[in-house]
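Have a look at the structure below before the remarks.
These numbers were taken from a predicted model, which means no experiment stands behind them. Each ligand, and each atom within it, is numbered from 1 in the order the structure gives.
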Amino acid sequence: MDPKSINEILDTVRGILKSTPPVARDTSTILPKSIPALPRWSTDLPEGPLPLQRSIERLTTDVLPYLNASSLSARYYGFVTGGVTPAALIADILTSIYDQNVGVHLPSETIATIVEVAALNMLIDLLNLPKQDWEIGAAGNGGGTFTTGATASNVLGLGLGREYVLSEAARRATGKAMSVGEHGILAVAQAAQVDQVKVLSTLPHSSIAKAAALVGLGRSSIVSIAKEGSFLAIDVELLQSLAEDAEAQRTAYILAISAGEVNTGHFASSSIPMVRKVRDICNKHGIWIHVDGAFGLFARILMGHPQAREYAELTDGVQGLELADSITADGHKLLNVPYDCGIFFTRHKHLSVDTCMNGNAAYLSSGTTASLIQSPLNIGIENSRRFRALPVYHSLLAYGRGGYTDMLIRQITLARRFAGWIWEHDKYELLPTSTSKEEAISRTFVIVLFRARDEQVNVQLVQKIKESGKIYVSGTVWDGKPAARIAISNWQVDVEVDGLVTEQVLDSLV
Ligand SMILES: *Cc1c(COP(=O)(O)O)cnc(C)c1O
């Protein structure tokens with residue numbers, strides 16, 4: 001019989017998990033044995049309804065056995081996938097059951113939008129962002145929303161940046177600000193006497209180029225301002241000279257700071273005085289500062305930590321970022337809530353509305369005009385939205401600052417263990433090159449980049465690691481050569497157990 005009530009549905013899910021347990025740490029391998037190249041069921045839409053028992057059979061035989069253990073295993077080190085905390089999972093199941101649409105702010109009908117703001121403000125607290133600038137729903141200018149991921153948050157960041165730099169350039173040229181959201185990029189650029197908007201950055205994540213394309217700036221608008229001899233450090237003098245020349249060049253600039261570069265986990269900025277200097281230049285020349293801190297922003301959790309000195313290289317890389325105009329972070333990475341969940345913060349909530357206003361739809365009006373909570377319709381990309389805030393809210397509530405600090409420190413400790421182990425290993429090379437083991441360890445966050453010294457071994461290294469079935473790493477390219485990347489982002493990390501298994505696998509391959 002088909003389940004009707006929520007309880008019967010949950011029992012059914014329990015039954016499925018019993019007969020097809022998901023791959024999990026210590027009990028099985030991280031990747032399924034073999035995946036059918038072209039699923040035979042891909043095109044056969046049943047004419048009529050299938051009994052649920054039959055469709056469940058199809059799920060358990062055709063689909064579930066072929067999923068990977070990406071977030072179930074602490075030793076899945078691919079990409080930066082995060083895991084799912086038990087508290088987040090419970091709330092995520094409830095999110096589907098209650099199926100709230102957090103598109104419209106209806107404060108007398110559902111508390112969902114208020115929980116969303118509460119969850120964002122708890123994150124602002126966890127990430128040590130100053131409340132007077134960033135807090136949402138208060139009298140200040142702090143704004144933000146949950147998105148589908150860091151990519152969508154970067155689209156918002158560059159979208160607000162585009163709005164700001166062009167309308168500011170128009171104001172400087174004509175004495176009158178003009179909104180891009182209202183009039184379009186071409187009209188405002190013409191009034192502003194601007195021919196191009198460039199995105200200045202250092203080793204930005206690929207999604208910054210995608211975001212630049214989506215908001216009409218183009219992928220080729222990305223310009224590197226890395227210091228000579230460095231791949232990531234921002235050349236502040238270069239920034240200054242470009243900014244001073246902006247008007248003559250009929251160019252407007254957005255600065256995108258990489259707070260946690262995806263191959264190395266390192267940071268593009270290095271201190272409060274440095275970010276202050278950047279801020280001053282950007283203020284003077286109407287430049288928007290966006291921070292892509294998808295996973296790196298979480299280093300801010302350690303800012304007030306008693307052992308902060310151990311993490312000084314990391315906290316130096318995130319201090320001062322509160323001076324930015326907009327910030328991206330990911331919930332589905334280090335926060336360990338399920339896919340999908342991105343986070344976007346800004347200190348200029350009115351620009352979110354200028355950029356994202358949903359036209360004029362009377363049926364979607366929330367009926368309250370005085371609310372301090374902005375309508376999600378007018379500040380984000382989507383209209384209808386999943387209640388992503390609930391898993392975030394519940395996980396923060398369940399583990400608090402202490403739980404998240406402990407989780408992050410275990411992740412960093414394991415990453416640093418690997419950095420030291422690889423540094424000492426004569427068959428492996430730790431990247432990027434550092435002058436001492438201590439230096440290499442002190443700048444390691446949650447990512448470890450390395451290659452095998454033997455070129456032939458190195459070419460196959462990532463594939464061989466995956467074939468071990470015990471750990472999973474992503475491949476990348478560093479300095480033109482293949483490299484392997486361990487990204488540690490799961491709440492279950494056990495430094496001893498995962499450390500030993502991983503080192504055994506790596507040892508066996510060289
Ligand atoms: C993962 C990541 C992104 C993209 O995030 P999605 O959640 O996949 O959209 C952007 N920037 C950085 C630095 C990242 O690590």
Side-chain angles (χ1 to χ4, degrees), residues 70-71 76-84 88 92 123 127 144-159 161 199-215 219 222 224 226 231-234 254-269 289-300 314 317-318 321 324 326-345 380-382 385-386 388 391-392 408 411-412 415 444-449 473-478 485-490:
S70 58
S71 107
Y76 186 97
Y77 303 130
F79 315 97
V80 187
T81 52
V84 180
D92 198 67
L123 282 169
L127 296 167
T145 187
F146 286 109
T147 66
T148 50
T151 302
S153 295
N154 284 337
V155 170
L156 286 178
L158 296 198
V199 179
L200 305 175
S201 193
T202 58
L203 275 200
H205 187 269
S206 51
S207 61
I208 291 286
K210 183 175 189 162
L214 280 167
V215 305
R219 286 182 288 275
I222 315 280
S224 172
F231 61 92
L232 190 58
I234 294 171
I254 295 169
L255 173 65
I257 299 180
S258 305
E261 188 278 318
V262 79
N263 281 305
T264 59
H266 296 177
F267 299 87
S269 65
I289 304 179
H290 174 67
V291 169
D292 181 359
F295 63 91
L297 196 69
F298 288 86
R300 288 183 67 96
L314 312 177
V318 287
L321 297 181
S326 58
I327 299 179
T328 284
D330 248 329
H332 51 226
K333 291 180 180 168
L334 293 190
L335 195 66
N336 275 252
V337 301
Y339 286 98
D340 46 23
C341 180
I343 300 156
F344 179 72
F345 296 123
I381 297 171
E382 308 94 342
R385 276 178 336 126
R386 180 176 174 80
R388 308 191 167 89
V392 172
L408 185 60
Q411 291 160 346
I412 295 170
T444 297
F445 183 38
V446 294
I447 292 181
V448 183
L449 185 68
V473 302
S474 300
T476 186
V477 172
W478 191 255
R485 195 174 144 274
I486 290 178
I488 297 164
S489 58
N490 195 292

With a cut-off of 4.0 Å, which atoms of ligand 1 are near a heavy atom of Ala294?
2 (C), 11 (N), 12 (C), 13 (C), 14 (C), 15 (O)

Nearest heavy-atom approach of Ala294 to Lys333 is CB-NZ, 3.9 Å

Between the main-chain N or O of Ala233 and the side-chain N or O of Thr202, is there a donor-acceptor pair closer than 3.5 Å?
no

So, is Phe295 polar-close to ligand 1, with some N/O to N/O distance under 3.5 Å?
no

Within the 4.0 Å heavy-atom shell around His332, which atoms of ligand 1 are there?
7 (O)

With no hydrogens and no angle check, just 3.5 Å: does a side-chain donor-acceptor pair link Glu261 and Ser258?
no

What is the nearest protein non-hydrogen atom to atom 5 (O) of ligand 1, stated with its residue, atom name and distance?
Ala150 CB, 3.1 Å

Scan Thr148, Thr328, Thr147, Asp330 and name whichever one has a side-chain hydrogen bond (donor to acceptor under 3.5 Å, both in side chains) with Ser153.
Thr147

Closest non-hydrogen atoms of Asp92 and Pro391, given as atom of the first, atom of the second and distance, are OD1-CG, 3.5 Å

To check you understand the geometry: which heavy-atom pair defines the closest contact between Val80 and Arg485, and what is its length?
CG2-NH2, 3.5 Å

Provide the closest heavy-atom pair for Thr476 versus Leu449 in the form atom of the first, atom of the second, distance.
CG2-CD1, 3.5 Å

Give a yes/no verdict on whether any heavy atom in Val80 is under 4.0 Å from an atom of ligand 1.
no

Please determine whether any non-hydrogen atom of Lys333 lies less than 4.0 Å from an atom of ligand 1.
yes

Looking only at protein heavy atoms, which one is nearest to atom 11 (N) of ligand 1, and how far off is it?
Asp292 OD2, 2.6 Å

On a heavy-atom basis, the closest approach of His266 and Phe231 is ND1-CZ, 4.0 Å

Please list, in number order, the atoms of ligand 1 under 4.0 Å from a heavy atom of Asp330.
1 (C), 5 (O), 6 (P), 7 (O)

For Thr151, atoms of ligand 1 separated by under 4.0 Å from a heavy atom:
4 (C), 5 (O), 6 (P), 9 (O)

Within less than 4.0 angstrom of ligand 1, does Gly260 place any heavy atom?
yes

List ligand 1 atoms under 4.0 Å from Val262, heavy atoms only on the residue side.
15 (O)

